[in-house]
Amino acid sequence: MLLVYITCKNKKEAQKIGLALLKKRLVGCSLVIPHATSFYWWPPKKNKIEKSREAVLLVKTLEKKFPRLEREAKKLHSYTVPCILALPVAKINKDYLVWLRKEI
């Protein structure tokens, strides 16, 4: 199982991407965390730190689904360089994993 972390410009975009991935059965669950503050360098190599409000989208999937999930998320994303991180899950409730496999 993978936990995929995606930052989005706002709650609306996170919900749009999360629902699209869910409808395509690329994820079993999507969780939107609507209020996050990010600090980052942008534009690259310009030595300027930006601060912005973002939403965080967390989705649960299987490793074999990640390539398509990434392509679909990029199509719907407004950022030029979206943050899409796949984190392997070291331990998982077996019942949850059975459910996840059935759903996607």
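Note on Trp42 and Tyr79: separate hydrophobic clusters, where clusters join Ile, Leu, Val, Met, Phe, Trp and Tyr whose side-chain heavy atoms are under 4.5 Å apart, directly or indirectly. Hydrophobic cluster membership differs between Leu100 and Val59, with clusters built from Ile, Leu, Val, Met, Phe, Trp and Tyr side chains linked at under 4.5 angstrom. A continuous path of hydrophobic side-chain contacts links Leu31 to Leu85 [ILVMFWY only; heavy atoms under 4.5 Å]. Clustering ILVMFWY residues whenever any of their side-chain heavy atoms sit less than 4.5 angstrom apart, transitively, puts Ile6 in the very cluster that holds Leu22. Criterion: ILVMFWY side-chain heavy atoms under 4.5 Å apart, direct or through other members. Under it, Ile17 and Ile104 are not part of a common hydrophobic cluster.
The two residues Ala20 and Leu76 come nearest to each other via the heavy atoms CB-CD1, 3.4 Å. Across all non-hydrogen atoms, the minimal contact from Leu57 to Gly18 is CD2-N, 3.7 Å. The two residues Leu26 and Lys65 have their closest heavy-atom pair at O-CB, 3.8 Å. Of all heavy-atom pairs between Ala86 and Pro88, the closest is O-CD, 3.8 Å. For Leu3 against Leu58, the heavy-atom pair with the smallest separation is CD1-CB, 4.2 Å. Nearest heavy atom pair, residue Leu69 against residue Val27, reads CD1-CG1, 3.5 Å.
The side-chain contact (heavy atoms from CB on, under 4.5 Å) test applied to Ala36 returns Val56, not counting sequence neighbours. Residues satisfying the side-chain contact (heavy atoms from CB on, under 4.5 Å) test with Asp95, not counting sequence neighbours, are Asn93.
Counting only residues at least two apart or in different chains, side chain to side chain donor-acceptor pair (under 3.5 Å) contacts with residues 12-37 comprise Glu13-Ser78, Lys24-Glu72, Arg25-Glu103, His35-Arg53.
Taking OG of Ser38 as the reference point, atom NZ of Lys9 lies at 15.0 Å (rounded to 0.5 Å). Atom-to-atom distance recorded for Ile33:CD1 and Cys8:SG is 11.0 Å, nearest 0.5 angstrom.
Residue Glu50 places its CD atom among more than 12 non-hydrogen atoms of other residues, nucleotides or ligands, all under 6.0 Å distant.
The shortest distance between side-chain heavy atoms of Val89 and Lys60 does not fall below 4.5 Å. A heavy-atom distance below 4.5 Å is found between the side chains of Arg101 and Leu62.
Using a 3.5 Å distance cut-off with no hydrogens or angles, the side chains of Tyr40 and Glu54 do not pair a donor with an acceptor.
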